[in-house]
Every structure is written in structure tokens, then in C-alpha cells.
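Worth saying up front: this structure is predicted, and the values here are computed from it rather than measured. Here is how names work: the chains are called A, B, and so on, in the same order as the sequence lines, proteins then strands, and each is numbered from 1.
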Amino acid sequence: MSLSKEALRKTFWRGMPLQGCFNYERQQTVGWLYGLVPGLKEIYANDPEGLKEALVRHTGFYNTSPQFTSVIQGIVLAMEEQKANGSELISGDAIVAIRTALIGPLAGIGDSLFWGTLRTIGLGVGIELCLVGNMFGPILFLLIHNVPHVLCRYYGLKFGYEKGVDFFTSAEGAAQMQDITDATKIVGNVVVGSMIATMVGFSTKIVIHSGETAYPLQDMFDSIMPKLLPLALVFFCYYLINKKHVKTLTLLLALIVFSILLVAIESIPVFAA
Amino acid sequence: MLLVQSLITALLAGIFRWDSRCFGQNLLDEPIVVGMVLGLVLGDLKTGLYVGAQIQLVFLGIVSIGAATPPDKMTASVIGVFWAITAGIDAATVVALSMPIGILGQFLGILCRVINTRFNLTIDKCAAEGDTKGIDRALWTGAAIFFVLTAVPVFIGCYFGADAVQAIIDALPPVITNGLQRSSSILPAMGMCILMNYLYDSHYAPYLFLGFTLSAFLGMSTLGYTFIACVIALITYNYARGA
């Protein structure tokens with residue numbers, strides 16, 4: 001493990017622009033190669049042909065969670081180092097195979113943890129504060145997402161470089177990752193559930209007149225359970241998107257038209273208070 | 001004045017775009033953050049935060065996983081908040097317009113990615129020749145394309161857009177404008193269900209209803225149910241690891 005601190009430091013910072021040249025054909029590859037340059041230059045300092053070979057090796061497709069790319073950087077550099085030092089067990093193909101095998105699972109766990117859980121929690125907390133004009137909303141949101149983000153990047157590189165290959169290729173590692181993903185989805189779902197109750201403002205002012213008495217429709221719904229309408233609306237929209245594959249824009253237009261109709265109906269004298 | 005504001009906002013939009021391109025993806029491009037920054041810069045923090053939050057609810061489920069290029073929440077909130085603050089267009093209208101603006105932004109994002117494909121050839125050549133500086137250049141040129149193709153359209157939308165939108169709104173009948181007002185509290189349902197599409201399935205349904213129950217029946221605060229969620233997740237994790 002002889003990469004200099006400087007090379008590791010540069011590797012860490014070069015992991016940031018992973019998506020700088022994103023395209024559909026090879027996705028994050030340009031950024032990935034950019035991130036390996038300092039490490040490979042040091043490893044193959046006395047072997048220009050080896051450097052070219054290594055660079056070409058890493059021009060293949062690459063896509064993973066940006067927050068976890070440093071793990072793979074670490075693992076790959078550790079393997080390249082061993083190869084350059086003459087290890088016969090590690091071929092160029094093996095390095096490419098490990099890289100390809102890791103990008104999927106790390107993307108899965110990273111997306112679930114960061115997009116699914118931390119972002120959702122952060123937004124749940126942040127939106128509430130923003131709606132009352134509190135600047136701590138976005139700040140807390142950024143902290144909730146980015147403190148773990150930076151920790152994952154920093155310790156990910158360290159862990160990947162020092163221990164990585166063994167952990168991730170073991171059954172133990174795979175099971176651990178599955179359990180972590182499961183836990184993150186639990187938290188994400190709880191937060192979404194409560195946001196349905198607090199952030200979807202669907203109620204109605206329609207009043208049904210029967211003889212002398214007036215029955216506000218909303219009271220009827222509320223007596224069954226609070227927030228019944230938001231819950232029903234969200235699940236109906238979910239059904240449309242998930243089972244009927246309605247497009248987002250169509251749903252948006254439908255909801256806007258629905259809102260207009262709701263306002264129109266509520267203003268008809270027969271239904272007004 | 002509008003010119004200066006539009007220029008600054010366009011530059012900020014380029015920087016927000018670079019959050020996911022060059023700064024490692026810190027979610028600075030989410031509408032509530034955009035709302036806060038633009039609110040501070042344009043001098044109306046309260047509107048910035050409020051409109052940002054409302055637009056966030058519409059885009060709640062928009063996550064950029066893998067190669068997906070969804071409707072662009074950043075340009076939607078930059079232009080939306082800008083119009084709300086500088087032209088006084090009301091929040092509900094801006095929210096209703098945010099998704100269409102986001103779809104325009106999405107198109108620009110797709111264009112950038114298609115253009116950047118040419119750099120794959122560049123790095124192939126540079127790798128074979130050991131030209132690491134060429135690789136560096138390829139990355140940063142691609143990033144520059146993202147910046148320019150974000151900042152320029154945002155500038156146009158800010159500088160020229162608000163007047164056009166205001167004229168259209170003034171011409172609409174009250175039932176439509178009131179309907180749009182109402183839609184701003186109903187549209188979050190769309191954000192929720194898109195997020196559910198990503199997170200939810202029958203296995204996790206109990207947890208969704210747990211969160212709903214805690215909020216609807218008990219009125220628990222955000223941090224309250226977040227803590228309970230983490231507790232349950234940890235219990236489940238320990239159980240799974242222990243078993």
C-alpha cells in the first residue's frame with residue numbers, strides 16, 4: 001500500500017467531477033478515468049507502456065452512485081498497484097471484472113441511501129421549515145444529505161484502498177449491503193407516508209344541502225379519518241403512474257384540470273356554503 | 001436592473017448545474033436550496049423559500065438515477081423563483097408552470113449528454129497515447145458545455161420570460177386562475193406518488209402507513225417520525241444481522 005498521501009488526496013478530489021462529461025454511451029467513464037489519473041501516474045511512473053495499458057483498461061462503461069465512486073477508486077488503485085508490483089494473480093481483465101461487478105451493487109445501495117432516504121428525510125424537514133420562511137430548512141437539508149456524503153467519500157476511499165476487494169466479493173459483504181438497503185428503505189417510506197398527511201392539501205368546501213340542513217362534505221370525510229382525501233388522491237395517482245403507466249406531464253395536466261373543476265363546482269350556488 | 005439580475009441568476013444556474021457535474025452532487029440544485037440562494041441574492045428570502053418549497057413538492061419524486069434524465073428541477077425552480085420575486089407572479093401559477101419549464105430543461109440536459117458523447121473518442125485516443133492532460137481537458141470541456149447550455153437558456157427565460165407569462169395570465173378568466181391557485185396544494189400529490197414509485201412496494205407498505213398514521217392521527221412533527229423511523233430501521237437491521 002504505497003500510494004503517496006498526495007496521490008490519494010488528488011484521487012479524492014478528482015472523484016468530485018465524476019459526472020462532468022456525462023453522456024449516454026459510456027455515462028461516467030470520462031470522469032472515472034479523470035479520477036484515476038493521479039494514482040495511475042504514480043503507480044506506473046517507471047512504466048509508460050503499463051500506464052497506457054491501464055488507462056485504456058478504464059475507458060469502458062462506468063456508472064455508479066457518485067457518493068460511492070471513491071470506494072471503487074480505492075479498490076482499483078490497490079489492484080493496479082499489486083499488478084504493477086508484479087503480482088501474477090491480478091490481470092488487467094480481473095481489474096476490469098471487479099470494477100464492472102462493483103458499480104451495480106454500490107449504485108443500488110448508494111441510490112437507496114442518498115436519493116431514497118437521506119434526501120427524503122432532508123426534504124421532509126426542510127420543506128416544512130421553508131414554508132414558514134425559516135432559512136434553516138435548506139441548511140438542515142444540505143447537512144442531512146452531505147455529512148454522510150462526505151464521510152462516505154472520505155472513508156470509502158480509505159476502506160476501498162486498504163480492505164476493499166475482500167469485503168465486497170464475499171457473501172458476508174453482499175448480505176450486509178442488502179440489510180443496509182432494507183433499513184434505508186424503511187426510513188424513506190415512513191417519511192413519505194407522513195408527508196402525504198402533511199404536505200398534500202386536498203380538501204373540499206362542497207356543501208350538500210338537503211332540505212333545511214347543510215352537510216359539509218369535508219366533515220363527512222374527516223369523521224371517517226383525517227387526511228382521507230390526500231391519502232386517496234396520492235394512491236390513485238400512484239396507481240395511474242405505476243400500473244397504468246400514465247406519463248408525468250399527463251398527470252400534471254389532469255391534476256390542474258381537476259383543481260379548476262373543483263373550484264368551479266365549489267362556486268356553483270347549489271354546492272356552496 | 002432586470003438585466004443584472006438575469007445575468008447573476010444565469011451564472012448561479014450554471015453553478016447549480018455544476019453541483020451534480022463537478023462538485024460531487026451535494027443536492028445544491030434542489031428547489032429549496034435554489035429558492036434560498038436566489039431569495040438572498042434577489043432580496044426576497046421569504047418568497048424564495050416559499051416558492052422553492054412549493055416547487056420542491058412537485059419535484060419531490062424526481063431523482064436522477066443511472067442514466068435517467070428527468071424533468072429538470074433546477075431550471076424549473078431558478079426561473080420560477082426568479083419570476084415570483086422580480087415580476088411578482090404568484091406562487092401557485094409559478095408552481096403550475098414549473099413542470100413544463102422543467103421539461104424544457106430536461107431537453108437541454110439530454111442535448112448536453114448527446115454532445116458529450118464525442119469525448120469518448122477523445123479519451124480513447126488519449127488513453128492509448130498516455131496523454132493524461134488530454135483526458136483532463138476532455139472532462140472539463142464537457143463540464144463547460146453543461147454550464148453554457150444551462151446559463152444561456154436560463155438568462156433568456158429570466159430576462160424575457162416573465163413579461164410573456166404575465167400577459168398570458170392576465171388574459172385568463174378567474175375560474176382558471178383560482179383553479180391554478182388550488183392546484184398548488186394538490187400538485188404535491190404528484191410529487192408524492194412519483195417518489196412512491198421509486199421507494200414503495202407491498203413489502204414496505206406498513207412503514208408508509210406508519211408514517212401517515214403518526215402524522216395524520218397524532219400530528220407528530222417531522223423530526224419525531226424521522227426518529228421513530230430510524231429506530232424501527234435499526235431494530236430491523238439488528239434483527240436481520242443477528243438472525
Side-chain angles (χ1 to χ4, degrees), chain A residues 16-17 19-26 30 33-34 37 48 51-52 55-56 59 66 111 115-116 121 124-128 130-131 133 138 145-146 179 183 185-190 192-194 196-202 226-227 233-234 237-238 241-242 251-252 255-256 259-260 263-264, chain B residues 21-27 32-33 36 46 49 53 56-57 63 65 67 96 99 113 116-117 119-120 123-124 127-128 130 132 135 138-139 142-143 175 178-179 182-183 185-190 192-193 195-197 199 204 207-208 210-212 214-216 222 225-226 229-230 233 237 240:
Chain A
M16 297 295 177
Q19 310 196 108
C21 194
F22 193 98
N23 59 75
Y24 294 116
E25 189 202 324
R26 288 188 229 170
V30 178
L33 195 55
Y34 175 80
V37 160
L51 176 64
K52 289 180 196 171
L55 288 173
V56 169
T59 55
D111 289 345
W115 284 116
I121 298 177
V125 170
I127 293 177
E128 216 177 56
C130 280
L131 288 173
H145 178 270
N146 291 315
D179 292 333
K185 283 194 151 177
I186 289 176
V187 178
N189 272 283
V190 171
V192 173
S194 72
I196 293 177
T198 53
M199 300 202 192
V200 181
F202 180 26
K227 308 287 181 182
L233 180 66
V234 172
C237 293
Y238 172 69
I241 291 220
N242 191 279
L251 182 62
L252 174 86
L255 284 175
I256 293 182
S259 310
I260 295 176
V263 165
Chain B
R21 303 298 103 193
C22 303
F23 305 144
Q25 195 164 73
N26 304 293
L27 300 192
I32 53 171
V33 181
M36 174 180 77
K46 198 147 171 292
L49 288 172
Q56 183 76 65
L57 285 168
V63 295
I65 309 276
M99 187 57 85
R113 287 162 175 78
N116 282 346
T117 310
F119 293 110
N120 292 335
I123 58 163
D124 282 344
T132 56
I135 294 173
L139 179 87
V175 73
N178 288 335
R182 195 61 170 276
S183 74
S185 42
I186 289 183
L187 280 178
M190 185 180 86
M192 298 289 154
C193 74
L195 189 56
M196 273 172 70
N197 210 20
L199 280 176
Y204 294 101
Y207 302 106
L208 185 108
L210 174 67
F212 177 81
L214 289 175
S215 279
T222 322
Y225 57 72
T226 306
C230 290
Y237 179 76

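Looking at every heavy atom in both residues, A:Leu251 comes nearest to B:Cys193 through CD2-SG, 3.9 Å. Shortest non-hydrogen contact noted between B:Arg21 and A:Gln19 is NH1-O, 3.0 Å. The two residues B:Ala127 and A:Thr59 have their closest heavy-atom pair at CB-CG2, 3.8 Å. Summarising the geometry of A:Val187 relative to B:Ala233, their closest heavy-atom pair is CG2-CB, 3.6 Å, with the distance given to 0.1 Å. In plain terms, the two heavy atoms of B:Ser215 and A:Ala197 that are nearest each other are CB-CB, 3.6 Å. Between A:Gly201 and B:Ile186, the closest heavy-atom pair is O-CG1, 4.3 Å.
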Please assess B:Leu208 against A:Ile196 for the test side chain to side chain contact (heavy atoms under 4.5 Å, CB included), listing each intermediate value before the final yes or no. CA-CA 9 Å; B:Leu208 185 108; A:Ile196 293 177; 4.3 Å; yes
Can you list the steps and then say if B:Leu199 with A:Trp115 is a side chain to side chain contact (heavy atoms under 4.5 Å, CB included)? CA-CA 10 Å; B:Leu199 280 176; A:Trp115 284 116; over 6 Å; no
Test side chain to side chain contact (heavy atoms under 4.5 Å, CB included) on B:Ile123 and A:Cys21 and set out the steps. CA-CA 11 Å; B:Ile123 58 163; A:Cys21 194; over 6 Å; no
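Looking only at heavy-atom pairs under 4.5 Å with chain B, the residue among A:Gly124, A:Gly116, A:Pro138 that has the most is A:Pro138. By number of non-hydrogen pairs under 4.5 angstrom with chain B, the leading residue of A:Val263, A:Ile186, A:Leu55, A:Ile260 is A:Ile186. In terms of non-hydrogen atom pairs under 4.5 Å with chain B, the most contact-rich of A:Ile241, A:Asn242, A:Val200 is A:Val200. Contact tally against chain B (heavy-atom pairs below 4.5 Å) for A:Pro226, A:Ala183, A:Gly126: the top residue is A:Pro226. The candidate with the highest count of non-hydrogen atom pairs below 4.5 Å against chain A, out of B:Ala128, B:Ala53, B:Gly179, is B:Gly179. Highest contact tally toward chain A, considering only B:Gly142, B:Gly211, B:Ala138, is held by B:Gly211 [criterion: heavy-atom pairs under 4.5 Å]. Among the candidates A:Leu255, A:Leu33, A:Leu252, the residue making the largest number of heavy-atom pairs closer than 4.5 Å to chain B is A:Leu252.
The distance from the CD1 atom of A:Ile127 to the CG atom of B:Leu57 is 4.0 Å, given to the nearest 0.5 Å. Interatomic distance, B:Asn120 CG to A:Asn23 CG, rounded to the nearest 0.5 Å: 4.0 Å. Here the OG atom belonging to B:Ser185 is positioned 13.5 Å from the CE atom belonging to A:Met199, to the nearest 0.5 angstrom. Here SG of B:Cys230 is found 5.0 Å from CD1 of A:Ile121. Values are rounded to the nearest 0.5 Å. Annotation: the span from B:Ile32 atom CD1 to A:Leu131 atom CG amounts to 9.5 Å, rounded to 0.5 Å. Here B:Leu210 contributes atom CG and A:Ser194 contributes atom OG; the two are 9.5 Å apart, rounded to the nearest 0.5 Å.
Of the two parts of B:Tyr237, only the side chain, counted from C-beta on, holds a non-hydrogen atom closer than 4.5 Å to a non-hydrogen atom of chain A. Proximity to chain B is absent for every atom of A:Pro48, based on heavy atoms less than 4.5 angstrom apart. With a 4.5 angstrom heavy-atom cutoff, A:Asp179 touches chain B via backbone and side-chain atoms both. Both the backbone and the side chain of A:Val56 come within less than 4.5 Å of a heavy atom in chain B.
Checking each of B:Asp124, B:Thr117, B:Asn116 against A:Arg26 for a side chain to side chain donor-acceptor pair (under 3.5 Å) leaves exactly one that passes, namely B:Asp124.
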